[in-house]
Amino acid sequence: MKEYEHLKLEKKWQNEWEKKRIYHAQNKSKKPKYYSLIEFPYPSGDGLHVGHPRPYIGMDVISRKRRLEGYNVLYPIGWDAFGLPTENFAIKTGKDPRIVTKKNSENFKRQIKSLGISFDWSREINTTDPKYYKWTQWIFLQFLKKGLAYKAKIAINWCPKDKIGLANEEVVGGNCERCGTPVEKREKEQWMLAITKYAERLDKDLDDVDYLPQIKLAQRNWIGKSEGAEIDFPVAHPRVKRFVILHGRSSRPGDNSYPWLKKELESRGYKVEVPEMPNSGEPNDLEQADFVKKHCQLDEGTVVVGHSMGGIVALRLLEQGAKVHGVVLVATPSTGLFLDKKPRPTVTQAAQRGFKYGEIKQNADYFRLLYDSGDTVVPASDGELFAKKLNSYCQFSTGEKPHFQGKEEPAILDLLLPHIKVFTTRPDTIFGATFLAIAPELAKKLTGKNFGIKVDTERENREKLGADTGLKAKNPATGQEIPVWVVNYVSADYGTGAIMGVPADDERDNEFAKKFNLPIVENYKKAGFEDFGKRITKFKLRDWVFSRQRYWGEPIPVILCEKCGIVPVPERDLPVELPKVKNYQPTDSGESPLANISKWVNTKCPKCKGTAKRETDTMPNWAGSSWYYLRYTDPKNAKAFADKKALKYWTPVDWYNGGNEHTTLHLLYSRFWHKFLYDLKLVPTPEPYKKRTSHGMILGEGGVKMSKSLGNVINPDEIVKTYGADTLRVYEMFMGPFNQSVAWSTESIIGARRFIEKVWRIGEKVASPNASAQDFLQSNVSHSQKHLGSNSSLPKLLNKTIKKVSEDIETMSFNTAISSLMILATEMEKAPSISKDDYKKFLQILSPFAPHIAEEVWASLAEKKSINLSVWPEWDEALVKDDEIKIAVQINGKVRAEIMIEIQDNEEKIKKQALGDPAVLRHVAGQEVRKIIYVKNRLINIVL
RNA sequence: GCCCGAGUGGCGGAACUGGUAUACGCGCACGACUUAAAAUCGUGUCUCGCAAGGGAUGUGGGUUCGAUUCCCACCUCGGGCACCA
């Protein structure tokens, strides 16, 4: 008998398959296509550990089955090679990440190849290859073109010791992952991608894909869609009591301008004065100011509203030292507040005196706001909003109430009478709202004061803190005045930064109200959803921070020109190649190391040809992996990221399996990129992946995570050498449910090896001439296969196994598929003889799991063509069914006997048979049978 | 705190849609073969009990003729999120 030499045999077939290009996918084929995908690995310096291959083997089983089923299968692999470990290694050793990456990926490749995974290596890609990242950059430019890539100042994690911006995953418990220094927040301009623009579709289109339910849920939770309402709570200012409205030159004395404004203000309890100034305008503004001083009360509770000429009067009052709370000027360039469309010196002078000053442009109209510096009602920065809302100053000046669309309040009221907008998913509880809780940032904005309250993100021990702002809001439902508190449990960056406190209904509000003795209204009236607010949809999803101040990433292809601003690198100049540097250390200022290469940084502006600088930020790791599956369809294309025909043929991916840790970010990001490309009509489908599953991690022995520091990392090289790739494959598929994490056990591998050797021995037996002469000798099998059906012949068992394996592979129940293959193998070995045809079928259904031995034995049975080119066996439904089966007889739910029945027996006959069984008779023993329940082909339950 | 997943022999795990719990594998014990060992094969292996029989699927309840499976409450472990309004 020939010895099973796994090393020799596996190498032989791997070479043979490669030579014959057996796993190469065809971009044109009469066969139906099948695209199976795994998450491409990050080639780390540590090499492969036994956890890596689990998903590759799983999808390999699927892919191999599909090939035998007649599909043109694309099962590609590549390297997601930009990443922190390589960068950190470069910083430490000064080694070029390019060289390190090449070495690491070659090692990974050798290791993966030794496992006999049926990857199409001709389509291998690498995200760090300029030919690849050219297209990553190109896609970025499309985002830029569509306004979906933009720069914004946001807080990043900053390690003050390493002087480096940290990704969220590098912050461990608030400290720098590497040096343990507490991480600070630092404001920095970052590139952002507007993924939130796609939030609605990313949520909704989940309906149309076949992802595991948990994965869909995780995506939905991350997107965080919530339907609610925005409700305005008018706020009375604690100090403003009175408005003095000074009208412009065109208003005749006595016509009492702004009647609507006066009315509105008065309805909120303010005093309003509209002095009928002598209307002689400039140069009589001083005279008018005197008039106002004489007739109106100007004190710290007064806001002066000056329109046009009235504005100049208001400025005079300021000049003369009027101690008013604030001044609001409303004017256009055509009025006297301006000279040659520039603000009058008085305006700028006032600003220089410390008044807040904001200029707002909207069409040709200008609005200028001035407030005293200490206590703004509405900050000047909100002027933009103001401008948007107040769509015509003219209407304001005519004394008519301006016409605003929808429910919008007249913007002048927005300005004079602030309100707090809250977001709530329960607008129906508004009658129970007894206070407003606002974020510290908003409190600062509204009152100018710092209350010393901070929203802390610490996970434990979060005590509710708060302080009364002194502001009073009016509950629009009850009309009641309610206090406004600044709290540490409302964050500024979600919703409106303000909530209504309904302590009777909301747990957090309740806790807060109790602590600070705020009123709790228990039995209140419920409101209709839209009675007081505007229906609105919010998402938790934030825009994607796309900048990294790192070396080892795709340079963001943008040039910063002093004259022209942000200028995209022309597409013909792509890729912007990552230059070589001497030092990989980030700069002291936190810029990427690229900032130090002046030769690279300094460039010409593509627009004006003047001097300009390159963007030195690079892209995050997620960039290259957001579209890699598209590149596989046409990996060498130099004219486009992939040919349209190839994309049309292969997309979407039919089945994508990956790690649970990637079911939120990576999956969401790549869906976002795909949808964007879909909108540009560059990909044919709105979704990239038809089906998504995930695999569990392989843990070290004892159930702990495999890690270098614990020294429990298992290198597959050792296993392949000692036991063979087929054994490793079978073991990894057998060790437990594919989607759950399992602990590695080197001790248990021997079981898989014994199984493989058994397959070998049977193969030897079948291949030997005297055995093959007795085709189809049936043998009775017993014991170990009783769970597949009683008293089956070998052909029966074979057909049952074909069915079971075929079905189990589809649900990734690889462990049970192998279990049934083991049972069949055991029975085949026991059988006096097995037909060659039957054994070949066994080899075919085994081949996805153990391709090498299957191919070797297949060839030994005089097959000329590779088993890979054969056709997946079908099972015979007639042979799968049993004629005679064993069912259980229960008495009061307890099994007391087993009886054999014919499959065609009717219920009556079976019941009679059960009641006649000696064990049953003993248990029934004269008692009355109340009920008999018969479950077809399963059991009979006799109820006494 | 919330969401998701899991809890079954000494161990990894199996069990269809509520229907014979512990398949398959590891380990262990005994036996066969062998001068011997390895390999292989066979038998046994949840637990109490001589047996009849009883008890076990994290814990406690419930629904049901029947629950690992469904419901309620709780405990433990793993993963994710975080005062999300």
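Below, chains carry the letters A, B, ... as their sequence lines are ordered, and counting in each starts from 1.
- In textbook terms, a nucleotide whose glycosidic angle is within 90° of 0 is syn, while B/G79, being further out, is anti.
- Separating the C1' atom of B/C28 from that of B/G9 is a span of 13 Å, rounded to the nearest Å.
- The side chain of A/Thr816 lies closest to B/A14 when the candidates are B/A14, B/A85, B/C3.
- Looking at A/Arg761, its side chain has no donor and acceptor atom pair within 3.5 Å of the base of B/C41.
- For A/Leu939, taking side-chain heavy atoms from C-beta onward, the closest of the listed nucleotides B/C3, B/U20, B/G13 is B/U20.
- If you take atom C1' in B/A73 and the same atom in B/C83, they sit 26 Å apart, rounded to whole Å.
- Across B/G80 and B/C71, the matching P atoms stand 26 Å from one another, rounded to whole Å.
- For the residue pair A/Asp509/A/Tyr489, the side-chain donor-acceptor check at 3.5 Å is satisfied.
- Using a 4.0 Å heavy-atom distance criterion, A/Ile750 is classed as a sugar-phosphate-only contact.
- To the nearest whole angstrom, the two P atoms, one in B/C26 and one in B/U34, are 25 Å apart.
- Look at the P atom in both B/U68 and B/U63: the space between them is 16 Å, to the nearest Å.
- In this structure, A/Ser226 reaches the B/A85 phosphate: one of its side-chain N or O atoms is under 4.0 Å from OP1 or OP2.
- B/G44 and B/G55 are spaced 26 Å apart, taking the P atom of each and rounding to whole Å.
- Between A/Arg754 and B/G27 there is a side-chain polar atom (N or O) within less than 4.0 angstrom of OP1 or OP2.
- Taking the six-membered ring for Trp, A/Phe734 and A/Phe755 have ring centres at least 6.0 Å apart.
- In this structure, NE2 in A/His6 is found 11.5 Å from CD1 in A/Ile853, a value given to the nearest 0.5 Å.
- The aromatic ring centres of A/Trp622 and A/Tyr669 sit less than 6.0 Å apart.
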